[in-house]
Q: 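Please see the structure below; I have some questions.
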Amino acid sequence: MSSDEAPPLELQGVVKRYGDFIAVSEVSLRVERGEIFALLGPNGAGKTTLISCITGLTRADAGSIRVFGADVLNDFRQTRRDVGLVPQEVNFDPFFTPRESLMIQMGLMGTEPDRAHVDALLRTFALYDHRDAYTRALSGGMKRRLLVAKALVHRPRLLFLDEPTAGVDVELRQDLWAEVVRLRDEGTTVILTTHYLEEAEELSDRIGVLRSGELIVVEDREALMDRHRAHRVVLQLDRALTALPDGLYPGAEIANRTLTVPFQGTDGLQTILSAVKQQAEIVDLRFEETRLEDVFMSLVSGP
Ligand code: ATP
């Protein structure tokens, strides 16, 4: 049964197979109240499959999934009320107006009709002026905002956003991000999937990285970024070197008189400068930060 102290989401050993293919492999995770948790992973990592298991769109083959303490299979009616899902694909009937779509969704979720709440949502998502337009006549950005409003109509305590900003322009992305933060600040727990590290970095309190169905990292956002955010120093030398000096970090590269070396912390930099000075004079020096994309690749590739 649901309980007020239970965490919004608790997964234990969740497995989902399609035939012989394992899409989600033994995933265990606990998400805390009022956090924004980003589930990060490349295409096909299993993000949507995992969300589908939690939201009841598909059934896990093994493991347990609890939402505020309630089991998603045995207490489906309870968990359905607590969960909202913003799917990747726009999926509403084009012949309903935004207001009708939201009222119908309320009915589907078994909530009492509440026109004032629907109108408040329409205002929040800047759709009120279009409340009586055919949904098919809305712009792409408006449709996406309506999707979010639809997921919120029954006031879920746990909200899933499946790649909320895929194919969305910069302005709408900022609006959606602001809305997600506002929801979190009001006490909603938010789980979003993304393959943009920038999105995870901008929004989330914690990040989980899914690779080939396995949850390989779960960490506070800042700790994860700090651990992976290395710097690089680019040194111009007074002569060409044919081999790398000893004692440099892995990933150092030499091209004629330019030496590029990743490092972490000032001690790391000192070590590099001392090693290089044994072999050449440094005539110029500049710093570069590792691109977020490289951080992401180092997380999802490798052993
Ligand atoms: P994306 O970022 O592209 O949305 P994802 O991380 O959400 O990817 P999933 O859509 O969960 O990944 O897919 C995980 C794996 O499971 C993929 O290899 C996919 O081809 C496979 N898969 C998903 N649904 C099915 C299905 N109904 N039948 C067979 N295989 C499936």
Side-chain angles (χ1 to χ4, degrees), residues 9-31 36-65 67 72-73 76 79 83-92 140-141 143-144 147-148 150-151 158-170 172-173 176-177 180 189-204 206-219 221 224 228 291-303:
L9 181 66
E10 198 160 23
L11 308 178
Q12 267 167 7
V14 175
V15 175
K16 176 69 190 174
R17 295 186 202 92
Y18 293 112
D20 290 340
F21 179 75
I22 300 176
V24 172
S25 176
E26 294 281 342
V27 168
S28 298
L29 171 70
R30 182 183 155 120
V31 174
I36 300 177
F37 187 90
L39 199 53
L40 191 65
N43 285 323
K47 305 181 294 295
T48 301
T49 304
L50 185 58
I51 286 193
S52 300
C53 293
I54 301 165
T55 53
L57 297 175
T58 188
R59 201 187 161 116
D61 294 301
S64 97
I65 303 176
V67 170
V72 293
L73 296 178
F76 178 65
T79 59
V83 167
L85 168 65
V86 183
Q88 252 179 60
E89 310 274 339
V90 171
N91 66 348
F92 23 64
K143 283 182 186 151
R144 209 165 265 268
L147 270 190
V148 182
K150 206 175 145 188
L158 175 60
L159 180 69
F160 289 90
L161 294 140
D162 197 0
E163 304 210 7
T165 59
V168 157
D169 67 30
V170 174
L172 177 57
R173 182 174 302 180
L176 282 172
W177 286 357
V180 168
T189 304
V190 180
I191 299 179
L192 63 96
T193 74
T194 181
H195 43 233
Y196 300 122
L197 189 70
E198 283 85 352
E199 189 155 72
E201 187 188 23
E202 175 81 24
L203 276 184
S204 61
R206 280 196 306 154
I207 295 178
V209 180
L210 208 54
R211 185 182 73 193
S212 307
E214 284 181 51
L215 194 58
I216 53 168
V217 174
V218 176
E219 205 166 351
R221 180 203 49 183
L224 185 134
H228 290 274
R291 291 181 315 139
L292 289 175
E293 202 51 39
D294 296 336
V295 175
F296 180 49
M297 290 315 291
S298 77
L299 287 171
V300 298
S301 55

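Indexing begins at 1, ligand by ligand and atom by atom, following the structure's order. Quantities reported herein were computed from a predicted structural model and do not represent experimental measurements.
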Q: Can a donor-acceptor pair be found, under 3.5 Å and without considering hydrogens, that links the side chain of K47 to the backbone of G41?
A: yes

Q: Of the protein's non-hydrogen atoms, which lies at the shortest distance from atom 4 (O) of ligand 1, and what is that distance?
A: Q88 NE2, 3.3 Å

Q: Donor-acceptor pair, distance only, cut-off 3.5 Å: does the side chain of S204 make one with the backbone of E201?
A: no

Q: I need the contact type for P42 against ligand 1. Using non-hydrogen atoms and a strict under-4.0 Å cut-off, is it side chain, backbone, both or neither?
A: backbone

Q: Side chain to side chain contact (heavy atoms under 4.5 Å, CB included) with P87: which of L161, L147, D162?
A: L147

Q: Could you tell me the residue and atom name of the protein heavy atom closest to atom 3 (O) of ligand 1, and the distance to it rounded to 0.1 Å?
A: N43 OD1, 2.9 Å

Q: Look at atom 22 (N) of ligand 1 and say which protein heavy atom is nearest, naming residue and atom and giving the distance to 0.1 Å.
A: Y18 CE1, 3.4 Å

Q: Can you report which non-hydrogen protein atom sits closest to atom 9 (P) of ligand 1, along with the distance?
A: T49 OG1, 3.6 Å

Q: For a side-chain contact (heavy atoms from CB on, under 4.5 Å) check, start with the C-alpha distance between L210 and V27, then their side-chain angles and the critical distance, and finish with the verdict.
A: CA-CA 9 Å; L210 208 54; V27 168; 4.2 Å; yes

Q: Just which atoms of ligand 1 are under 4.0 Å from any heavy atom in A23?
A: 16 (O)

Q: Considering all heavy atoms of both residues, which atom of T79 and which atom of V72 are nearest to each other, and what is their separation?
A: OG1-CA, 3.8 Å

Q: Would you indicate whether R221, at its atom CZ, is surrounded by more than 12 heavy atoms from other residues, nucleotides or ligands within a distance under 6.0 Å?
A: yes

Q: Under 4.0 Å from any heavy atom of A45, which atoms of ligand 1 are there?
A: 5 (P), 6 (O), 12 (O)

Q: Among all protein heavy atoms, pick the one closest to atom 10 (O) of ligand 1 and tell me residue, atom and distance.
A: T48 CB, 3.7 Å

Q: Around atom 16 (O) of ligand 1, find the nearest protein heavy atom and jot down its residue, atom name and distance.
A: F21 CE2, 3.4 Å

Q: Could you check atom 12 (O) of ligand 1 against the protein and tell me its nearest heavy-atom contact, residue, atom and distance included?
A: G46 N, 3.2 Å

Q: State whether the shortest distance between N or O atoms of G44 and N or O atoms of ligand 1 falls below 3.5 angstrom.
A: yes

Q: Would you mind listing which atoms of ligand 1 come within a distance below 4.0 Å of any non-hydrogen atom of H195?
A: 2 (O)

Q: Less than 4.0 Å from atom 19 (C) of ligand 1, is there any heavy atom belonging to the protein?
A: no

